[in-house]
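To start, the structure under review is shown below, and the notes come after it.
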Amino acid sequence: MDSFIVISLIKVVVVFAVLLTTLAYLQWVERKVIAHIQVRPGPYRVGPHGLLQPLADVIKLITKEDLVPPYVNKPLYLAAPFLAITMALLSISVIPFGPVIQVAGYQTAMQLTDLNIGVLFVLAVSSMGVYGIALAGWSSNNKYALLGGLRSSAQMISYELPLSLTIAAPLLISNTLSLRELVEKQAGGIWHWNVLHGPFPQIFSFLIFLIAGFAETNRVPFDLPEAENELVAGFHTEYSSMKFASFFMAEYANMITVSCMATLLFLGGWVAPWPAQYGSSLVPVAIFALAGVVALYHGMHPARRRDRTSLPVFGIIFLIIAAVFLLPIVQSWLLPLFWFCAKTGSILFLYMWIRGTLPRFRYDQLMGFTWKFLFPAAVLNLLVTGLLVALVS
Amino acid sequence: MDVILFLIFAIIAVVCAINVVVQTHPISSAISLVGVMASLAVLYLLLGAEFLAAAQVIVYAGAIMVLFVFVIMLLNAGAETKKGQSSMALFLGGPLLVALLMLLAWFVQQLFPGISVHFGGFRGGSAQDVGRALFTTYLLPFEVTSILILIAILGAIVLARKEMD
C-alpha cells in the first residue's frame with residue numbers, strides 16, 4: 001500500500017513536469033513550424049535556435065503586472081482561468097502512455113490511473129472546460145469578450161455532438177470504455193488499429209474526430225472565439241499576466257488531450273505499426289540516426305554563423321538518443337513511449353500545419369458545417385458501424 | 001475515508017443548493033447549480049456507480065447547464081432586486097422546513113428499514129450493466145421516454161417556427 005502511494009506520487013510529479021515542459025515547448029515548436037511554412041527562421045535569439053524562448057516567455061508572463069479591471073464580476077473573473085487550466089490538465093491523468101512495466105522490482109502501468117470509464121472521464125472533464133471560457137467572456141464585462149465567450153460556448157456545444165458520436169463508433173468495435181483495454185484490443189499491427197480495423201474501418205470517424213477536435217480547442221480554422229481582427233482577443237481580452245497565460249496553457253493542454261485521444265481511440269496508442277520481429281524496434285534508431293547525420297552535415301556547411309557549433313551538438317545528441325534505443329534494458333518502456341509520442345506528435349504537427357495553411361471560417365459557415373454536414377455524417381458512420389458490428393459478432 | 005468524503009461533498013451540495021436560491025444574479029445561481037450537479041456526481045462515484053457519475057457530469061453539468069449559462073449570457077439578464085418579502089415567510093418558513101425534513105426522514109426510515117449504506121459496495125454500475133438494464137428490464141419506459149423527448153423537440157421547433165413567420 002505504501003509503495004503504491006510513493007509510486008503514484010512519483011508518477012504524478014513526472015507526468016506533470018513533462019506535461020508542463022511540453023506545453024512550453026509546444027509553443028516554440030509551433031512558432032518554428034509556422035515560421036518555416038512562411039519561409040522565415042522563427043525564434044532565433046534566445047539560446048541556440050531560440051530553444052530558451054519558452055523560458056523567456058514564462059519569465060515575461062510571470063513578471064508582468066496583473067491588472068484586474070474595476071468593472072469585472074470579481075469572483076467569476078478570478079475563477080475562470082483557474083477553471084480552464086484545471087480542467088485542461090486534469091484529463092492527462094487517465095491517458096495511458098505505455099504498457100505495464102517493471103521498474104526496480106515494482107510493477108506499474110505507464111499511466112496515472114486506469115479508470116474503467118476513462119473515455120467518459122475525458123469527455124466529462126473537457127465538457128466542464130467550456131465554463132472557463134464562457135465565464136471569462138461574461139465576467140469581463142466587455143462586449144468583445146462577451147461575444148468571444150458566446151461564440152466559444154455555441155461552438156463547443158455544437159461540435160461536442162459529432163465528437164461524442166465519433167468516439168462511440170470505435171468503442172463499439174473495441175467494446176470497452178477503459179483507455180488501456182482500448183489500446184490492448186488494437187495490438188498486433190497497423191491493420192488492427194481502429195482506423196483500419198474491420199468490420200468497418202473508422203477512417204471517417206477519425207477525420208470527423210480531428211475536425212471536431214480542432215473546433216473544440218478553438219484552433220484555426222475554427223478560432224472564431226478569439227478572432228483578433230473582429231474581437232480584439234475574444235474571451236481573454238481583459239486578462240493579463242499569468243491569468244492570460246493559463247488560458248493559453250489550457251488551449252495547448254486541450255490540443256495535447258485531443259491528440260492523445262485520437263491516438264488512443266484510432267491509432268492504436270503505444271502499439272508499433274508492425275510487430276517487433278519484423279524490425280519495428282529499429283525505426284526510432286533509424287529516425288534519430290538520420291536526424292543526427294543530417295544535423296552533422298548541415299553543421300559542416302552552416303547557413304548561419306551560429307549554426308557552426310549548435311548543429312553538430314544537436315547531431316551528436318540525436319546519435320546518442322539513437323544509441324539509447326538499442327539498449328535492451330530501456331527498450332521495454334522506451335519503444336511504446338516513442339510510438340505514443342510519435343503518433344501524438346504527428347497529430348499536433350497537423351494542427352500547426354493547418355494553422356499555417358487554412359484561413360478562418362465565417363461564423364455561419366462554422367455552424368452550418370457542423371450541423372448540416374459533420375453531425376449527419378457522424379450519425380451515419382455510427383449507424384453503419386453498429387450494424388456491421390452486430391452482424392459480424 | 002469514504003464517510004469523510006461523503007460528508008464534504010454532501011455539505012458542498014447542500015450549500016450550493018441553498019446558494020442557487022439565495023443568489024440574486026442568474027449566472028451565480030446557474031454556477032451554484034453546476035456545483036450541486038458535480039458534487040452529486042462525486043456521491044454517485046463514492047457509492048460505486050461510476051457510469052452514472054460520468055453521465056451526470058457530461059449530461060447535466062456539461063451540456064444542460066452550459067446551455068443555461070449560454071442563454072443567460074445571450075439575454076444578458078441582470079441581477080434581480082429583492083422586494084416585497086412577506087413577514088409570514090420569515091415566521092413560518094423555518095418551522096415548516098424542519099417539519100418537511102423530519103417528514104422526509106420518517107418516510108425514508110419507513111420505506112427502507114434497516115438498510116445501511118455501503119460505500120463502493122454497489123455492483124452493477126458499469127456501462128455494460130446500465131446498458132443491459134435499459135434495453136431489457138426497463139425497455140418500455142426507456143422507449144417511451146425517448147418518444148417523449150422527441151415530442152418535446154418537435155414542440156420546440158413548432159413554437160419557434162410560429163415566432164419566425
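By convention in this document, chain letters (A, B, ...) are assigned in the order of the sequence lines, proteins followed by strands, and residues within each chain are numbered from 1. Just so it is clear, the structure is predicted and the values come from calculations on it, not from any experiment.
- Using a 4.5 Å cut-off between heavy atoms, Q128(B) touches chain A through its side chain atoms alone.
- With values rounded to the nearest 0.5 angstrom, S127(A) atom OG is found 12.5 Å from M65(B) atom CE.
- Looking at I72(B), there are no atoms closer than 4.5 Å to chain A (heavy atoms on both sides), in backbone or side chain.
- Atoms CD and CD1, from E160(A) and I58(B) in turn, are 8.5 Å apart once rounded to the nearest 0.5 Å.
- Heavy-atom neighbours of L111(B) CG from other residues, nucleotides or ligands within 6.0 Å: above the threshold of 12.
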Review point. Hey, mind stepping through E50(B) and L120(A) against side chain to side chain contact (heavy atoms under 4.5 Å, CB included) and telling me if it holds?
Key: CA-CA 10 Å; E50(B) 61 272 326; L120(A) 294 179; over 6 Å; no
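- Taking CG of L67(B) as the reference point, atom OG of S153(A) lies at 9.5 Å (rounded to 0.5 Å).
- Both the backbone and the side chain of A61(B) have a heavy atom closer than 4.5 Å to some heavy atom of chain A.
- Both the backbone and the side chain of L150(A) have a heavy atom closer than 4.5 Å to some heavy atom of chain B.
- Within 6.0 Å of CZ on F361(A) lie more than 12 heavy atoms contributed by other residues, nucleotides or ligands.
- Proximity to chain A is absent for every atom of V59(B), based on heavy atoms less than 4.5 angstrom apart.
- Counting heavy atoms of neighbouring residues, nucleotides and ligands inside a 6.0 Å radius, atom OH of Y71(A) exceeds 12 of them.
- Going from atom CD1 of I157(A) over to atom CD1 of I64(B) covers 11.5 Å, rounded to the nearest 0.5 Å.
- For the pair V57(B)/L123(A), no side-chain contact is recorded, criterion being any heavy-atom separation below 4.5 Å from C-beta on.
- Looking at A154(A), the atoms closer than 4.5 Å to chain B (heavy atoms on both sides) sit in the backbone and in the side chain alike.
- For chain B, the option among V130(A), L135(A), L76(A) with the highest count of heavy-atom pairs below 4.5 Å is L135(A).
- Under a cut-off of 6.0 angstrom, the local environment of OH in Y363(A) is crowded, with over 12 non-hydrogen atoms contributed by other residues, nucleotides or ligands.
- With a 4.5 Å cut-off on non-hydrogen atoms, L177(A) touches chain B through its side chain but not through its backbone.
- In this structure, the portions of V66(B) lying under 4.5 Å from any heavy atom of chain A include both its backbone and its side chain.
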